[in-house]
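Below is one structure, written out as structure tokens; the observations come after it.
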Amino acid sequence: MPRVIPELARESLWPADADEARALQDRLAPRVRVEPLDPGGVRLVAGLDVSYGAAELVAAAVVLDAVTLEVVAQATVRAAPSFPYVPGLFAFRELPPLLAALERLTVEPDAYVCDGYGLAHPRRFGLACHLGVLLDRPVLGVAKNAFVSEAAEPGPTRGAAADLVDGGEVVGRCLRVQDGVRPVYVSVGHRADLDSACALVLRLSPRHRICEPIRRADRLSRAELAAPAGGKQT
DNA sequence: GCGACAG
DNA sequence: ATCTTGTCGC
């Protein structure tokens with residue numbers, strides 16, 4: 001159901017090589033908007049993730065009720081990788097299949113959470129920013145470790161946080177979502193600010209380190225990857 | 001030059 | 001991301 005303007009997708013997802021990909025990121029980065037995200041406006045949240053097999057991948061999107069965290073809709077897409085994994089150019093590898101999976105959804109999410117970075121990226125345009133700009137909807141990036149940025153060790157309890165800094169600027173936040181458990185790295189993708197992003201991630205992580213939307217998408221993509229190809233594609 | 005490097 | 005056993009703990 002979520003759609004991207006065809007021209008924008010065609011021009012910003014298929015670079016001929018790494019240099020062109022970096023140029024595309026530099027050209028699109030100015031479109032990112034950082035602004036408060038109204039918690040009450042987020043009823044449906046989509047979690048995105050991709051699992052890899054020998055020569056194929058499965059992209060999954062799972063939509064949850066932001067309050068009850070119950071699954072409202074989900075979709076998967078099986079495809080062949082169309083771009084190699086290059087640190088910093090992650091979006092060109094995962095966005096095409098993820099967008100295809102999103103188109104299969106039967107509901108319109110109010111916000112999206114994806115694996116990886118938003119502004120905590122070398123050119124301030126990680127996967128979360130790229131997806132946000134293409135959809136022009138709120139998107140957050142949650143990674144399991146830092147890339148270009150550094151952060152102090154946050155306090156030991158849930159909710160404790162420390163600035164993620166790169167080149168002298170705050171690009172995200174190292175956030176502990178469970179007592180005594182390693183923190184996650186949150187950065188804004190689009191149409192959100194750090195405070196609202198962290199508040200939402202905490203709400204979406206009532207029990208585990210990985211927030212529920214991404215957790216569900218991870219499980220779904222793995223299950224579909226293991227399932228016999230050609231079967232029902234949610 | 002060398003190592004590091006979201007998933 | 002993925003290749004992989006048992007083990008400790010809620």
Side-chain angles (χ1 to χ4, degrees), chain A residues 13 15 18-19 21-22 24-25 28-29 32 46-62 76-102 112-133 139-151 158 164-167 171-175 177-190 194 197 201 205-211 213-227 229:
Chain A
L13 287 176
D19 288 328
R22 295 189 187 92
L24 279 171
Q25 295 181 321
L28 295 169
V32 172
L48 280 33
D49 195 24
V50 178
S51 286
Y52 297 84
E56 62 181 350
L57 59 78
V58 170
V62 178
T76 61
V77 160
R78 185 182 294 263
S82 57
F83 199 84
Y85 167 64
V86 180
L89 302 180
F90 207 42
F92 300 98
R93 180 176 176 76
E94 299 207 335
L95 227 38
L98 284 174
L99 287 169
L102 290 178
Y112 300 76
V113 183
C114 45
D115 261 320
Y117 307 132
L119 294 174
H121 174 276
R123 286 166 295 285
R124 305 294 179 263
F125 199 70
L127 175 66
C129 293
H130 209 137
L131 176 64
V133 166
V139 180
L140 316 181
V142 183
K144 302 174 195 65
N145 31 47
F147 184 6
V148 294
S149 51
E150 301 183 332
R158 171 181 164 89
L164 252 183
V165 181
D166 177 45
V171 297
R173 200 171 287 168
C174 178
L175 177 69
V177 298
Q178 299 302 329
D179 292 354
V181 173
R182 281 186 305 153
V184 293
Y185 300 79
V186 180
S187 58
V188 171
H190 189 55
L194 263 180
V201 170
S205 312
R207 191 183 172 80
H208 305 283
R209 179 164 99 113
I210 303 306
C211 63
I214 290 181
R215 215 160 182 279
R216 294 288 184 137
D218 177 70
R219 285 155 78 242
L220 177 60
S221 61
R222 284 183 202 239
E224 180 56 37
L225 183 64

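Below, chain A is the first sequence line, B the second, and so on; all start at residue 1. Everything numeric in this text was worked out from a predicted model, so none of it was measured.
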Please report, rounded to the nearest Å, how far the [atom2] atom of [N] is from the [atom1] atom of [X].
{"X": "A:L98", "N": "B:dG7", "atom1": "CG", "atom2": "P", "result": "14 Å"}
{"X": "A:D218", "N": "C:dT2", "atom1": "CG", "atom2": "C1'", "result": "12 Å"}
{"X": "A:L225", "N": "C:dT2", "atom1": "CG", "atom2": "P", "result": "7 Å"}
{"X": "A:F125", "N": "B:dA6", "atom1": "CZ", "atom2": "P", "result": "19 Å"}
{"X": "A:F90", "N": "B:dC5", "atom1": "CZ", "atom2": "P", "result": "15 Å"}
{"X": "A:L220", "N": "C:dA1", "atom1": "CG", "atom2": "P", "result": "15 Å"}
{"X": "A:F147", "N": "B:dA4", "atom1": "CZ", "atom2": "P", "result": "14 Å"}
{"X": "A:H121", "N": "B:dG7", "atom1": "NE2", "atom2": "C1'", "result": "13 Å"}

Point to revise | Taking every non-hydrogen atom, the tightest pair across A:Y185 and A:C174 | key: CE2-SG, 3.6 Å
Base, sugar-phosphate alone, or nothing: which one does [X] contact when heavy atoms must sit under 4.0 Å apart?
{"X": "A:G141", "answer": "nothing"}
{"X": "A:L89", "answer": "base"}
{"X": "A:L57", "answer": "nothing"}

Exercise for review: Select one nucleotide: of C:dT2, B:dG7, B:dA6, the one nearest the side-chain heavy atoms of A:R222.
Suggested key: C:dT2
Check your understanding: Of the candidate nucleotides B:dG7, C:dT2, B:dA6, which contains the atom at the shortest distance from the side chain of A:Y117?
Key -> B:dA6
Review point. Aromatic ring centroids of A:F125 and A:H130 under 6.0 Å?
Key: yes
Exercise for review: Go through the steps for A:D218 and A:R215 under the test salt bridge (charged side-chain N to carboxylate O under 4.0 Å, His left out), then give the verdict.
Suggested key: CA-CA 5 Å; A:D218 177 70; A:R215 215 160 182 279; over 6 Å; no
Whether [X] contacts [N] is assessed here as follows: a side-chain N or O lying under 4.0 Å from the phosphate OP1 or OP2. Is that the case?
{"X": "A:Y85", "N": "B:dA6", "value": "yes"}
{"X": "A:N145", "N": "B:dC5", "value": "no"}
{"X": "A:K144", "N": "B:dG7", "value": "yes"}

Check your understanding: So, the side chain of A:Q178 versus the backbone of A:S205: is there a donor-acceptor pair under 3.5 Å, distance only?
Key -> yes
**Study point:** NZ/NE/NH1/NH2 to OD/OE distance under 4.0 Å, A:D166 and A:R124
**Key:** yes
